[in-house]
Number of protein chains: 2
Amino acid sequence: MSTRVVIIGAGFGGLACAGKLAGSRAEVILIDRLNHHLFQPLLYQVATAALSPADIAEPVRKIFRRHGNIRVMMDEVTGIDLGRKEVWLSIAAPVPYDVLVVSTGSGYGYFDHDEWARHAPGLKTLEDARTIRARLLKCFELADLTDDPAYREALMTSVIIGGGPTGVEMAGSIAELCRWTLAGEFSRIDPRQARVLLVEAGPRILSGFPEHLSAYAEKALANLGVTVRTDTRVTDVRADGVSLGDEFVPSGSIVWAAGVIASPAASWLELHTNRSGQIPVAEDLSVPGLRDVYVIGDTALFMQDGQPLPGLAQVAKQQGQHLGKGLRRRIEQGVALPPFRFRNRGNTAVIGRHAAVFDFGRWQMKGRLAWLLWAMVHVYLLVGFEKRLLVSLQWLWRYFTGARGARLISAPLTREQAHEMSDVAAPRKSGAMGRR
Amino acid sequence: MSTRVVIIGAGFGGLACAGKLAGSRAEVILIDRLNHHLFQPLLYQVATAALSPADIAEPVRKIFRRHGNIRVMMDEVTGIDLGRKEVWLSIAAPVPYDVLVVSTGSGYGYFDHDEWARHAPGLKTLEDARTIRARLLKCFELADLTDDPAYREALMTSVIIGGGPTGVEMAGSIAELCRWTLAGEFSRIDPRQARVLLVEAGPRILSGFPEHLSAYAEKALANLGVTVRTDTRVTDVRADGVSLGDEFVPSGSIVWAAGVIASPAASWLELHTNRSGQIPVAEDLSVPGLRDVYVIGDTALFMQDGQPLPGLAQVAKQQGQHLGKGLRRRIEQGVALPPFRFRNRGNTAVIGRHAAVFDFGRWQMKGRLAWLLWAMVHVYLLVGFEKRLLVSLQWLWRYFTGARGARLISAPLTREQAHEMSDVAAPRKSGAMGRR
């Protein structure tokens with residue numbers, strides 16, 4: 001009887017683990033709530049209308065269609081029975097496992113203010129990206145319709161909360177959208193006047209990078225017209241704006257990119273976690289005290305040289321590959337799992353069309369060349385030949401024209417939306433619009 | 001003072017009309033509920049995961065960005081004051097007009113059964129296409145999860161109601177999705193066994209085409225595995241299936257492609273319409289009895305040689321071009337509007353990867369060559385260089401591989417959805433899934 005490995009989550013970690021077990025003697029079941037693997041590092045480009053959702057997502061079934069030993073299930077995990085070694089699902093019957101791999105990633109935490117989520121969506125799924133894109137574009141459409149200057153200014157102000165790579169990338173991309181793509185397309189507003197505010201609670205943005213790269217990123221963002229506010233805490237988020245201490249910033253589009261917390265996998269396993277919800281794992285990625293349970297990626301707390309590994313795609317991917325290879329050798333040859341060690345391939349953040357930063361540990365890179373390297377690496381990493389080709393073509397096109405192809409608003413503006421965004425300055429219906 | 005032309009609707013008619021007025025002495029205001037022009041003839045490809053929404057949609061502002069005399073407004077029309085010559089909007093203040101062009105298209109009518117719309121969405125907007133795509137793909141995922149054979153069969157049955165071009169194209173494309181794209185990707189079901197049913201109330205499908213092309217289309221659909229049922233009336237539509245007279249067909253994905261009715265523009269104008277909601281127009285596309293009001297496209301009832309023109313993209317486009325040119329000459333030179341005459345450029349419907357029909361009036365075409373012509377014409381017609389290139393590349397790729405790039409489900413399956421689709425055969429939770 002073959003050993004059954006059940007992997008929960010088809011992100012970078014789960015996908016890499018399943019990939020290394022493809023064609024092995026193990027029977028693999030890969031479970032995800034959705035039907036696609038998402039190339040999350042480019043999700044901000046969907047949120048800012050540069051790429052289409054399908055450009056950065058690949059059906060999991062398609063990836064493994066040639067591998068008979070991998071079964072894909074689209075279902076939601078509701079719990080795990082550690083005694084009977086079963087995974088409980090929302091729709092299908094419970095799935096027994098011999099080995100369990102948990103790679104369920106992370107989400108955004110709102111510091112005990114879950115009511116903020118509605119007004120300031122985070123950027124984790126395609127649905128999030130579509131929501132943010134529609135809100136951003138609708139703000140400009142509304143700004144073009146209104147006669148109220150205060151309301152217009154609020155609509156043309158975007159606030160991004162959190163100065164990590166996602167926040168920096170969103171701020172830069174929104175600024176470029178206003179300065180290059182939308183500029184000149186409106187009759188009554190000038191999108192180049194739009195305000196983009198990046199708010200960071202700590203003393204500098206990109207705190208995971210060396211200081212001189214943070215300083216460079218701040219300068220590059222300023223060049224794009226982004227206002228960076230460090231040492232600034234968000235005290236309230238409402239439909240019509242953000243409170244920064246005593247100051248209220250009216251804003252129509254707010255994006256949350258702070259306070260990452262791990263998926264709730266720990267509660268299935270009845271485990272204690274650190275403050276970020278991560279599960280401490282041993283050197284071989286197993287969970288101490290549990291039998292045949294492994295945790296990888298953002299959900300795992302892995303200590304290396306006295307430091308926890310950061311929540312990066314490359315960490316998840318390397319852990320998945322390592323674990324998949326290890327499990328294969330254990331199942332086929334009875335070899336014990338070797339310890340995992342992360343090798344930094346370069347941590348990166350992109351600021352705009354010509355600016356990026358790279359941190360390889362011993363040396364760093366920034367500017368135009370870093371941007372080129374960033375673009376090449378990301379095109380290469382995208383799963384599947386067709387996507388690589390199409391995305392490269394779109395990038396080249398955009399590079400030369402500044403155009404963005406995916407500027408779609410799929411639902412009409414409603415008066416309720418217009419009101420919701422502004423308790424202070426509701427759009428006025430009185431007074432016909434004068435002839436110009 | 002310049003003459004202000006207000007155009008409602010940025011479909012084929014409105015866009016063509018505005019295009020002919022670009023750079024003229026007229027002041028043009030183009031109003032649409034959404035921000036993009038949709039290339040509707042390819043919408044069925046979005047609904048069946050072959051193309052992305054952005055591939056067939058173009059922001060209206062982008063199209064007219066170089067034309068200072070055209071203002072684009074994204075807003076919803078709530079009424080028209082014919083006395084004061086003003087258009088009332090949902091959000092912005094009323095817009096006065098000198099000349100009004102109504103090109104608001106059509107939607108689906110459910111023969112006084114609006115409650116069917118929820119279970120059998122029509123295919124008019126990108127949102128519709130996304131809904132249909134998600135439902136179709138979710139059915140296969142659910143079918144793979146369930147242990148109940150009756151429920152599985154229902155999930156793997158698609159019913160398309162209405163045998164016009166849209167119904168035929170949907171049925172063919174769904175059959176190909178099952179036979180080529182999804183085949184071999186599931187462990188517990190065989191998508192090639194999926195049932196696709198095309199239901200038509202009249203005696204033949206494609207009733208707008210000559211009889212021998214209808215017969216060919218029926219044969220080509222049968223080759224793809226589609227069951228065509230003519231002379232068959234739908235008597236009920238529920239969450240879990242469709243009633244055809246006494247027979248109940250359990251089905252998880254139902255698509256409505258019958259009973260086109262014009263947009264409610266007639267009620268704004270306080271006019272009587274025909275049964276399809278269309279407004280009768282004079283030879284020059286003006287509305288008899290109203291001052292400076294023109295109606296074009298699906299909303300207009302235009303009689304030519306004793307016959308009403310069909311609701312086709314090319315009719316709307318030709319009417320828009322004709323009216324735009326005419327208005328321009330009237331405004332700039334005081335010339336009266338000439339009468340409109342439709343020239344048939346060829347009516348077409350595509351059945352599958354190698355089959356299409358073309359009707360040019362005097363002669364007809366069908367089969368592989370018609371498919372090639374159809375593909376070339378549609379690539380050429382797509383707005384904008386980038387899209388044309390990308391879409392052609394995707395089509396070529398799909399042609400050789402049978403792959404589909406946009407197979408995305410953005411929201412997880414819920415137990416409620418599973419139950420809703422089947423009152424008869426709910427998925428059972430009892431009995432753990434056995435080892436294979």
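Here is how names work: the chains are called A, B, and so on, in the same order as the sequence lines, proteins then strands, and each is numbered from 1.
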Who passes side chain to side chain donor-acceptor pair (under 3.5 Å) against A:Asp81, sequence neighbours left out? none
What part of A:Phe64 gets within 4.5 angstrom of chain B, counting heavy atoms only: side chain, backbone, both, or neither? neither
Part of A:Ala183 within contact of chain B (heavy atom distance under 4.5 Å): backbone
Using the test side-chain contact (heavy atoms from CB on, under 4.5 Å), find all partners of B:Glu185 that sit at least two apart in sequence or belong to another chain. A:Arg61, A:Lys62, A:Arg65, B:Arg407
From the list B:Thr125, B:Asp75, B:Asp32, the residue making the most non-hydrogen contacts under 4.5 Å with chain A is B:Asp75
Are the side chains of B:Met74 and A:Asp144 in touch, meaning some heavy atoms are under 4.5 Å apart? no
Side chain, backbone, both or neither: which part of A:Arg130 has an atom under 4.5 Å from a heavy atom of chain B? side chain
How about B:Pro121 and B:Arg135: do any of their side-chain heavy atoms sit closer than 4.5 Å? yes
Taking the side chain as every heavy atom from C-beta outward, state whether B:Ile189 and B:Arg152 have any pair of such atoms under 4.5 Å apart. yes
Which portion of A:Ile409 sits near chain B, non-hydrogen atoms under 4.5 angstrom: both
